[in-house]
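These notes are about the structure you will find just below.
Remember, it's a predicted structure, so these values are computed and weren't measured experimentally.
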Amino acid sequence: MLTPMAKPSISHAGKPELVALGRAIRELRTEKGYSQESFADDVGIDRSYIGGIERGEHNLALVNLIKISKALKMSASDLLRRSKI
């Protein structure tokens, strides 16, 4: 079941922490050979929402952070460390 797509967060979009996390997710996703669409399918999140996360537009929920980190085969804390936030 896919998580419904959310609108970008007007109050949080573009914050350095979200941009850094999104960049780390994109780098790890591409290193592992995932397209955005195949990654979204594995994670169970809409592809356009993944794109928004990677652009730093979404202040993602902990549940989604955990889903993403599991798909990347790492802990959420390792993913946060990778983003240097």
Drop me the distance from [X]'s [atom1] to [Y]'s [atom2], to the nearest 0.5 angstrom.
X   : Y   : atom1 : atom2 : value
L72 : R29 : CG    : CZ    : 9.5 Å
I53 : L60 : CD1   : CG    : 5.0 Å
N59 : L21 : CG    : CG    : 9.5 Å

L18 and I85: CA distance, side-chain angles, deciding distance, side-chain contact (heavy atoms from CB on, under 4.5 Å) verdict: CA-CA 9 Å; L18 296 178; I85 56 172; over 6 Å; no

Distance-minimising heavy-atom pair for A71 and F39: CB-CE1, 3.6 Å

L79 to S69 - nearest heavy-atom pair and separation: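 Where L79 meets S69 most closely, the heavy atoms are CD2-CB, 4.1 Å.
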
For I50, the option from H58, Q36, E37 that meets side-chain contact (heavy atoms from CB on, under 4.5 Å):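 Of H58, Q36, E37, side-chain contact (heavy atoms from CB on, under 4.5 Å) with I50 is met by Q36 alone.
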
Joint hydrophobic cluster, V19 plus I25, side-chain heavy atoms closer than 4.5 Å: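 The answer is no; the residues belong to distinct hydrophobic clusters.
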
Linked, directly or transitively: I45 and M74 (ILVMFWY side chains, under 4.5 Å):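 Shared cluster, yes.
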
Student check: side-chain heavy atoms of L28 and Y34 closer than 4.5 Å: no

Salt bridge (charged side-chain N to carboxylate O under 4.0 Å, His left out) contacts in which one or both residues fall within residues 19-28, not counting sequence neighbours: R26-E54, E27-R82

Ion pair E57/R55, N-O distance below 4.0 Å: yes

Test log, rule side-chain contact (heavy atoms from CB on, under 4.5 Å), inputs K67 and V63: CA-CA 6 Å; K67 286 180 184 180; V63 170; 4.1 Å; yes

Test salt bridge (Lys or Arg N to Asp or Glu O under 4.0 Å) applied to D78 - qualifying residues, sequence neighbours left out: R81

